[in-house]
Amino acid sequence: MEYLTFALAKGRLADQTLELFEKIGITMAEMKDKKTRKLIFSNEELKIKMFLSKASDVPTYVEYGAADIGVVGRDTILEEGRHLYEVMDLGFGKCRMCVCGPASAKELLKHQELIRVASKYPNIAKDYFYNKKHQTVEIIKLNGSVELAPIVGLSEVIVDIVETGTTLKENGLEVLEEICPLSARVVVNQVSMKMENERINRLLYDIKNTLK
Ligand code: PRP
């Protein structure tokens, strides 16, 4: 039997994913050790390998078949636009992709004005403004703490993830428009889906029953 390789997005999602896998009998004891510098782990009995990577790299590993299966947020899947199958919504990591800014920016979104939009998600922002709203905007790519942009005058609005809304509130910003809901998803390599169909479907079936 060949190994099935899993790529998990580092951070909050990974912890919840490992918990879920434990419930269906997939244990990766070494992976829970936060101090380990090891990059890849295996369960010899189940013939499973697992590794953590930066969220934005998960779709890349899966598209190229370096991982058969990935668990990553829908935000990353949309932003990366890779060729893979998105097969299941895990229901955790729920949040929303939104256009946010000061209340005063609301008007700018109504009148097709040429505004600046800062985001860690330039492709999602571009798709939303160009294809859905038909508004020409300037997209400015940032790598984190995006809420700073409208505060210091880098942009009029941002496109970012809103979970509890606390970051916005504490910085005098608000949700101006909602783009789409987000949550953790299972993605599968297109060739693996055919070659390992039985094992992957069994796994998805087990996950589905646990999520009920
Ligand atoms: C995310 C997101 C928001 C925040 C939203 O940032 O970009 O900043 O969480 O959460 P809230 O609505 O519950 O306040 P993250 O913590 O991933 O860090 P980053 O700002 O460096 O991207």
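Both counts, for ligands and for their atoms, begin at 1 and track the order of listing.
Salt bridge status for K120 with E79: absent, with no side-chain N to carboxylate O gap under 4.0 Å.
With hydrophobic clusters built from ILVMFWY side chains whose heavy atoms lie under 4.5 angstrom apart, L13 does not share a cluster with F51. F92 and V58 are assigned to two separate hydrophobic clusters, defined by single-linkage of ILVMFWY side chains at heavy-atom distances under 4.5 Å.
Distance alone, capped at 3.5 Å, is enough to place a donor-acceptor pair between the Q112 side chain and the K133 backbone. Within the 3.5 Å criterion, the main-chain N or O of L173 finds no donor-acceptor partner in the side chain of N171.
I161 forms part of a hydrophobic cluster together with L78, M97, V99, L108, L109, I115, V117, Y121, I124, Y128, F129, Y130, V137, I139, V157, V159, L176, I179, L182, judged by ILVMFWY side-chain heavy-atom separations under 4.5 Å.
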N/O contact list for ligand 1, threshold under 3.5 Å:
residue, atom, partner, partner atom, Å
ligand 1, 7 (O), D160, OD1, 3.0
ligand 1, 7 (O), D160, OD2, 2.8
ligand 1, 8 (O), E147, OE1, 3.2
ligand 1, 8 (O), E147, OE2, 2.6
ligand 1, 12 (O), E163, N, 2.8
ligand 1, 12 (O), T164, N, 3.0
ligand 1, 12 (O), G165, N, 2.7
ligand 1, 13 (O), T164, N, 2.8
ligand 1, 13 (O), T164, OG1, 2.4
ligand 1, 14 (O), T167, N, 2.9
ligand 1, 14 (O), T167, OG1, 2.4
ligand 1, 20 (O), S145, N, 3.0
ligand 1, 21 (O), S145, N, 3.4
ligand 1, 22 (O), K120, NZ, 2.3

